[in-house]
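Structure first, commentary second.
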Amino acid sequence: MNSNIEDNQGRVALITGSTSGIGKAIALRLSDDGFAVVFHSRLSVEKGEKLAKATPNATYIQADLSDQAQAKHLITDVLERHGRLDVLVNNAGINAMIPHGSLQDATPEIWRDLYEVNVIAPWTLIAESENALRASSTKEHPSCVINISSHAGVRPKGASIPYAASKAALNHVTKLLALNLSPDIRVNAIAPGLVDTPMTKNWVEAQRLWGEKSPMKRGAAPSEIAHIASMLVSSTYLTGEIILSDGGLNLT
Ligand SMILES: NC(=O)c1ccc[n+]([C@@H]2O[C@H](COP(=O)([O-])OP(=O)(O)OC[C@H]3O[C@@H](n4cnc5c(N)ncnc54)[C@H](OP(=O)(O)O)[C@@H]3O)[C@@H](O)[C@H]2O)c1
């Protein structure tokens with residue numbers, strides 16, 4: 001539990017893609033920290049409603065972020081239901097597994113799909129929530145955006161070149177927006193390595209790599225990434241940082 005729990009009462013956090021994996025862990029952690037959280041997903045409506053029901057002051061909203069109209073409506077909906085927004089976590093993301101040497105397989109369609117959800121949707125959600133984030137910001141609690149990118153956006157690695165490039169773009173957007181939205185809104189990214197979620201349950205090669213080569217000798221649990229998100233939210237000063245969270249694999 002966070003010592004600032006009382007400070008966070010009445011504050012609202014939207015976590016996209018929060019019916020599973022990293023997003024769910026972040027939403028539950030921020031709820032423990034005292035926030036009213038908004039769960040969100042594309043298809044898993046039943047799961048989202050169940051999570052919201054079991055979590056104090058929480059709601060659930062469905063929206064497909066590959067559709068710009070639905071992305072915009074998500075923010076309107078959050079503001080209608082909760083009246084404010086203090087923290088936006090852009091976690092929802094999609095992946096494509098393509099060997100880096102198979103250039104013909106990485107089609108323009110795949111590039112566009114990945115950019116739509118991993119880069120353009122976070123941009124739209126930040127743009128649509130800027131006024132609300134500024135309105136709720138105080139010196140004690142500057143508002144906060146966290147983008148969940150990937151170690152693949154920092155190093156020349158990852159499930160495919162289009163995925164890695166989309167996350168590198170998200171990292172650069174993070175820094176550019178940190179410069180432009182400060183001091184009211186801090187903007188940071190978490191760049192996880194391997195995290196044990198439904199997305200990675202069949203990634204045998206990656207699991208072997210992290211188990212053998214990374215200093216921490218394993219991938220992360222979603223709750224460990226949620227802990228980093230909680231630290232970023234509770235900071236009043238950090239902005240423009242890409243927190244590489246790969247158990248030290250990048251050092252090897
Ligand atoms: N797991 C890892 O090892 C790892 C490593 C580095 C970075 N990441 C990044 O961390 C984030 C979360 O990954 P995860 O492994 O926790 O994923 P996950 O378990 O597959 O969950 C993805 C979530 O995003 C939602 N989502 C997907 N596409 C969407 C869309 N078009 N519109 C709205 N919501 C959508 C899903 O909703 P539905 O279930 O309803 O479709 C689900 O709630 C992603 O951005 C991923 O790239 C993950």
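Whatever order the structure lists ligands and atoms in, that order sets their numbers, starting from 1. Residue indices begin at 1 and follow the sequence shown. Just so we're clear, the structure is a prediction, and the values are computed from it rather than from any experiment.
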If we only count N/O pairs under 3.5 Å, is Ile22 in contact with ligand 1? yes

To which protein heavy atom is [atom] closest, and what is the distance rounded to 0.1 Å?
| atom | result |
| --- | --- |
| atom 27 (C) of ligand 1 | Arg42 NH2, 3.7 Å |
| atom 21 (O) of ligand 1 | Ser20 OG, 3.2 Å |
| atom 26 (N) of ligand 1 | Ala92 CB, 4.0 Å |
| atom 20 (O) of ligand 1 | Met199 CB, 3.8 Å |
| atom 43 (O) of ligand 1 | Thr19 OG1, 2.9 Å |
| atom 8 (N) of ligand 1 | Tyr163 OH, 3.7 Å |

Among the heavy atoms of [X], does any lie under 4.0 Å from an atom of ligand 1?
| X | result |
| --- | --- |
| Ser149 | yes |
| Pro222 | no |
| Ala191 | no |
| Gln70 | no |
| Lys167 | yes |

Quick one: does ligand 1 sit under 4.0 Å from the side chain of [X], the backbone, both or neither, non-hydrogen atoms only?
| X | result |
| --- | --- |
| Ile94 | side chain |
| Ala152 | neither |
| Asn91 | both |
| Thr200 | side chain |

Closest non-hydrogen atom pair between Tyr60 and Arg81, with its separation: O-NH1, 3.1 Å

How long is the span from the CG atom in Asp184 to the CD atom in Glu130, to the nearest 0.5 Å? 9.0 Å

Taking 4.0 angstrom as the limit and counting only heavy atoms of [X], give me the atoms of ligand 1 inside it, by number and element.
| X | answer |
| --- | --- |
| Pro198 | 19 (O) |
| Ile148 | 9 (C), 10 (O), 11 (C), 45 (O) |
| Leu194 | 3 (O) |

With Ser149, the side chain to side chain donor-acceptor pair (under 3.5 Å) member among Asn171, Asn118, Thr174: Asn171

Can you tell me if Arg134 and Asn131 form a side-chain donor-acceptor pair at under 3.5 Å? no

Yes or no on side-chain contact (heavy atoms from CB on, under 4.5 Å) for Val37 and Thr55, after CA distance, side-chain angles and deciding distance? CA-CA 8 Å; Val37 297; Thr55 309; 4.2 Å; yes

Validation row, ring centre Trp123 to ring centre His172 under 6.0 Å: no

More than 12 heavy atoms from other groups under 6.0 Å of CD on Glu109: no

Flag if over 12 foreign heavy atoms under 6.0 Å of NZ, Lys50: no

